[in-house]
Amino acid sequence: MPQPAAYWAALGHHNHVVAEDTPPDRRGKIAALCGVLSPPDDITAPDGRPTCTWCKDQARNGHYRITSR
């Protein structure tokens, strides 16, 4: 089974990993791998925010193929 693709994004107070095929939920929000939710328009490119520990571990363990957005 191929690795799902994901990208780093700034949302909330940290940079998180978001799967590329993640659809918005019924409230119109996207979930990072750690479960943090944000409206798609609030998701920006990675910036100077700290990195979410859970998302960093998921990126390092190879469960997701990290791509550029």
Side-chain angles (χ1 to χ4, degrees):
M1 185 162 123
Q3 291 173 302
Y7 57 89
W8 280 103
L11 60 118
H13 298 290
H14 296 86
N15 285 304
H16 296 272
V17 173
V18 178
E20 285 187 354
D21 61 355
T22 302
D25 67 11
R26 59 182 164 74
R27 295 167 296 170
K29 294 187 177 184
I30 297 284
L33 297 184
C34 63
V36 170
L37 294 169
S38 185
D41 291 343
D42 289 349
I43 297 174
T44 61
D47 58 15
R49 298 174 214 203
T51 301
C52 171
T53 302
W54 176 259
C55 286
K56 180 172 62 177
D57 287 347
Q58 295 303 301
R60 286 185 178 167
N61 69 20
H63 289 172
Y64 287 84
R65 180 176 46 87
I66 305 299
T67 65
S68 59
R69 187 167 184 206

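When reading the values below, keep in mind they use all heavy atoms of this one structure, side chains included, and skip hydrogens, waters and symmetry mates.
- Rounding to the nearest 0.5 Å gives a distance of 10.0 Å between NE2 of H14 and NZ of K56.
- Side-chain contact between R27 and L37 is present, with heavy atoms from C-beta onward closer than 4.5 Å.
- Residues W54 and C34 share a closest heavy-atom pair of CD1-CA, 3.2 Å.
- Between atom SG of residue C52 and atom NE2 of residue H16 there is a gap of 5.0 Å, rounded to the nearest 0.5 Å.
- Note on residues 43-54: pairs passing salt bridge (Lys or Arg N to Asp or Glu O under 4.0 Å), not counting sequence neighbours, are D47-R49.
- In terms of heavy-atom proximity, K29 sits nearest to P40 at CA-CD, 4.4 Å.
- Residues in residues 32-43 take part in no side-chain hydrogen bond (donor to acceptor under 3.5 Å, both in side chains) pair, two or more places apart or across chains.
- The line from OG1 of T44 to CG of N15 is 7.5 Å long, rounded to the nearest 0.5 Å.
- The nearest pair of heavy atoms linking E20 to S68 is OE2-O, 4.3 Å.
- In terms of heavy-atom proximity, L33 sits nearest to A19 at CD2-N, 4.5 Å.
- Here the shortest heavy-atom pairing between Y64 and A5 reads CD2-O, 4.5 Å.
- Closest heavy-atom contact between V18 and A31: CG1-O, 4.1 Å.
- Q58 has its side chain out of reach of V17: every pair of non-hydrogen atoms, C-beta onward, lies at least 4.5 Å apart.
- Of the possible donor and acceptor atoms, one in the side chain of Q3 sits under 3.5 Å from a partner among the backbone N and O of G62.
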